[in-house]
Amino acid sequence: MSHASILLQVKHLNPLKQVHASIVTSGLSQNIFLSNRLANSYAQCGLMDNAEQIFHRISSKNIVSWTILISGYAKNHLFMDAINVFNKMVTYGFLPNEITISSILPAFGNLGLTQIGKSVHCFWVRCGNGANVFVETALVGMYSKLGYAGVARRVFDSMSERNIVAWNVMISCYSDYGFGEEGFGLFNLMRREGVHVDFFTVMSLISASSCVEDLRIGQGVHCLTVRTGFERGQLVRTALMDRYVNGNHIEDANLIFNDMHVKDVVAWTLMLTGFSKGQYWNKAIEHFNEMMRVEGIEVDSVALTGILSSCSDSGALLQGKRVHALVEKRGFACDVFVGSALIDMYTNCANLEDARKYFEGMEEKDVACWNAMIAGNGMNGHGNDAIDLFLRMKGSGINPDESTFVCVLYACSHAGMVDQGLHIFSHMVKSWNVFPNSKHYACVADLLGRAGRLDDAYILVNSMPLLPDFDIYCALLSACKIHGNIELGIKISEKLFQLEPNDAGHYVLLSNMYALAGNWEGVKMTRISLRSKRLKKDPGFSSIEINGELYTFMAGQKDHPQYYEVEGLLQCMIIRIQEAGYVPDTRSVLQELSDDVKMDILYHHSEKLAIAFGLGRTKPGTIIRITKNLRSCNDCHSACKFISKVYEREIVVKDTNRFHVFQEGVCSCRDYW
DNA sequence: CTAGGGTTAG
């Protein structure tokens, strides 16, 4: 066999080197065709150094030699190198042809180099080389990556000939930008033209289906993958699973998972995030442990990050510590992704000490690690420490990003440090060129609102250059609630309600506002329209970890396996704190009911159930840690203070925003939340 | 004779 035909088949380094040696010893190293092919083989294997070496030994390089090098770099995602070679080629006087152009265009797209990309496009048009499906497809891909979906579409429409790749690039452009409908529209057009679906079409459609609300579209795509046979492939199955997990359809994801012959670490991890997202935390932990026992599955950083975030969300400190031990054992302690997840887990479990210990021990910290540590301090009410960390971060040469400022601003807000917060906000733009987004505005609105400067907050929101979103209105609303400005509160919740009439959370907010104003008619109306729309709000729940086992309680839940145990403990607890002076705050029940019913509802808030259970199941003196998915209500907050005093227990409650540490009748938030 | 456009979990 000739060297040339052997080279076409060689895909690995060692045989490649043998052929290379043989070419040299046969005195063929100046043969341009062979050298080009050899360089290309090295490039295909990802060995750009070797490819470059061959390239430099060619004394009479032609346009093909240059193109091979350029496309080699581009294929290996070394886009800057590809561009450097391209520029050098041009200075040497070589004119790029259609193949060179189609090889270099992805580099501009991937690096966000709009200007150069456009000028190369112009160059190509000026050359008058006529239509070329490769170049045009590469142009569509480049404009898509650069964020110009409209331009991409115009190039696509102008093509005289389109093959499957062009269709796929355009469809995945739409799905990348969340334009699911447009993606499917194009897909229908493609089918009408009789173009056959391939693997890439299927993958793009799966990802497009996740940005379309209509569930039938998703089912349709799933059917398509079965009909075309692509569903048998591992990548397609994982993509489908991912879609189901992200849409919170865990059962559907589980069906695919169970049906997989080969369950790889990606599939296991997807299922894990599914359980975690759906807040099936015990299932998540169980699933992770099962995965660890499977022969041939190596946990990677993504899987570890997944289980850690599950522990973090549920407040499962003991489980989290076990995972930390595993992280050390498997050598992921220096991984920054795992690291920031560890910090997040510890701080979310109110264990700032271990978070700090780990954080200080990290040799390399990326911005996410700093952010996690700053956020952790903020959540625990340590505003000054958060600012100190922010300054240290600056000193260590790490540039803050958008979320850094969110973390610092929230820390100031929780600690009531209004001036410091405003100072940082104003420096954000001036010194850091970070343009404030709606999260930043929400933080500042929260900062001002909490401090009682509601008017300033309202002015800020009305004068900012963005449309206020849910977070911003929520910040204003909670300030209205704290400071009893019901009038403004109603005005805001009605606005929010008009903005998104299909969000159950908005109904609840509006209803609560009416209740605070004593407008029970308004409460009734919102509740009725909520029911008529069949919207359901997330139920409130609290969880507590005892001996590594996680117990979750929902407000008023009667079918709980520990119901009788908890009920007994609860009654006892209520009597004891009442003796100490606790008076139920029936204003916290935002419905028009009799006082008896209101008290019954109050006593069965999930927080109290979990605490009563914890008091019964743990030894005297043990700290009780509760994680809940809503913010603490006034009554539970006051009850916790009494419980900490009467039972001589430290109680740590994590709500959606921050930690409350109750000791001897006092809360660390100083009743400011 | 040698080269080309598009993919999966945080």
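What you see is a predicted model; the values in this text were computed from it and never measured. Per chain, numbering begins at 1; letters A, B, ... match sequence-line order.
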Can you tell which of [options] lies closest to the side chain of [X]?
{"X": "A/Pro106", "options": "B/dG4, B/dA9, B/dG6", "value": "B/dG6"}
{"X": "A/Val266", "options": "B/dG6, B/dT8, B/dT2", "value": "B/dT8"}
{"X": "A/Asn168", "options": "B/dG6, B/dG4, B/dT2", "value": "B/dG6"}
{"X": "A/Ala138", "options": "B/dG5, B/dG6, B/dT8", "value": "B/dG5"}
{"X": "A/Asn40", "options": "B/dG5, B/dA9, B/dG4", "value": "B/dG4"}
{"X": "A/Val165", "options": "B/dG4, B/dG5, B/dA3", "value": "B/dG5"}
{"X": "A/Val64", "options": "B/dT2, B/dT7, B/dG4", "value": "B/dT2"}
{"X": "A/Ser301", "options": "B/dT8, B/dG5, B/dG10", "value": "B/dG10"}

Compare side-chain N and O positions of [X] against OP1 and OP2 of [N] and report whether any pair is under 4.0 Å apart.
{"X": "A/Gln234", "N": "B/dT7", "result": "no"}
{"X": "A/Lys75", "N": "B/dG6", "result": "no"}
{"X": "A/Asn36", "N": "B/dA3", "result": "no"}

Worksheet item: Under the 6.0 Å and 45° cation-pi test, does A/Lys118 pair with A/Tyr148?
Response: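 Yes, cation above the ring, under 6.0 Å and within 45°.
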Item to complete: For residues A/Trp167 and A/Leu189, determine if any side-chain heavy atom of one lies less than 4.5 Å from a side-chain heavy atom of the other.
Response: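 Yes, at least one pair of side-chain atoms sits under 4.5 Å.
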Using a heavy-atom cut-off of 4.0 Å across all strands, would you classify [X] as base, sugar-phosphate, or nothing?
{"X": "A/Leu270", "value": "nothing"}
{"X": "A/Thr269", "value": "nothing"}
{"X": "A/Thr238", "value": "nothing"}
{"X": "A/Val135", "value": "nothing"}

Look at the side chain of [X] against the base of [N] and say whether a donor-acceptor pair falls under 3.5 Å; ignore hydrogens and angles.
{"X": "A/Thr100", "N": "B/dG4", "answer": "no"}
{"X": "A/Thr137", "N": "B/dG5", "answer": "yes"}
{"X": "A/Asp198", "N": "B/dG6", "answer": "yes"}

Please state how far atom [atom1] in [X] lies from atom [atom2] in [N], giving the value in whole angstrom units.
{"X": "A/Phe156", "N": "B/dG5", "atom1": "CZ", "atom2": "P", "value": "18 Å"}
{"X": "A/Asn76", "N": "B/dA3", "atom1": "CG", "atom2": "P", "value": "16 Å"}
{"X": "A/Leu139", "N": "B/dG6", "atom1": "CG", "atom2": "P", "value": "12 Å"}
{"X": "A/Met291", "N": "B/dA9", "atom1": "CE", "atom2": "P", "value": "16 Å"}
{"X": "A/Asn97", "N": "B/dT2", "atom1": "CG", "atom2": "C1'", "value": "12 Å"}
{"X": "A/Ile206", "N": "B/dA9", "atom1": "CD1", "atom2": "P", "value": "10 Å"}
{"X": "A/Asp176", "N": "B/dT7", "atom1": "CG", "atom2": "P", "value": "8 Å"}
{"X": "A/Glu98", "N": "B/dA3", "atom1": "CD", "atom2": "P", "value": "14 Å"}

Fill in: Given A/Asn254, A/Leu272, A/Thr269, the one that forms side-chain contact (heavy atoms from CB on, under 4.5 Å) with A/His287
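Only one option passes, and that is A/Leu272.
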Worksheet item: Hey, is A/Lys439 close enough to A/Glu402 for a salt bridge, meaning N to O under 4.0 Å?
Response: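 Not counted as a salt bridge, because no side-chain N and carboxylate O are separated by less than 4.0 Å.
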Worksheet entry | Aromatic-base stack, A/Phe134 on B/dG4, cutoff 5.5 Å, angle under 30 |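 Yes, A/Phe134 stacks on the base of B/dG4, since the ring centres sit under 5.5 Å apart and the planes are within 30°.
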Discussion item. I'd like to know whether the aromatic ring centres of A/Phe86 and A/Trp66 sit less than 6.0 Å apart in this structure.
Written reply: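 Ring-ring flag for A/Phe86/A/Trp66: false, centres at least 6.0 Å apart.
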Item to complete: Report the relative orientation of the aromatic rings in A/Phe405 and A/His440; use parallel for angles under 30°, tilted for 30 to 60°, perpendicular for over 60°.
Response: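 Perpendicular, since the angle between the ring planes exceeds 60°.
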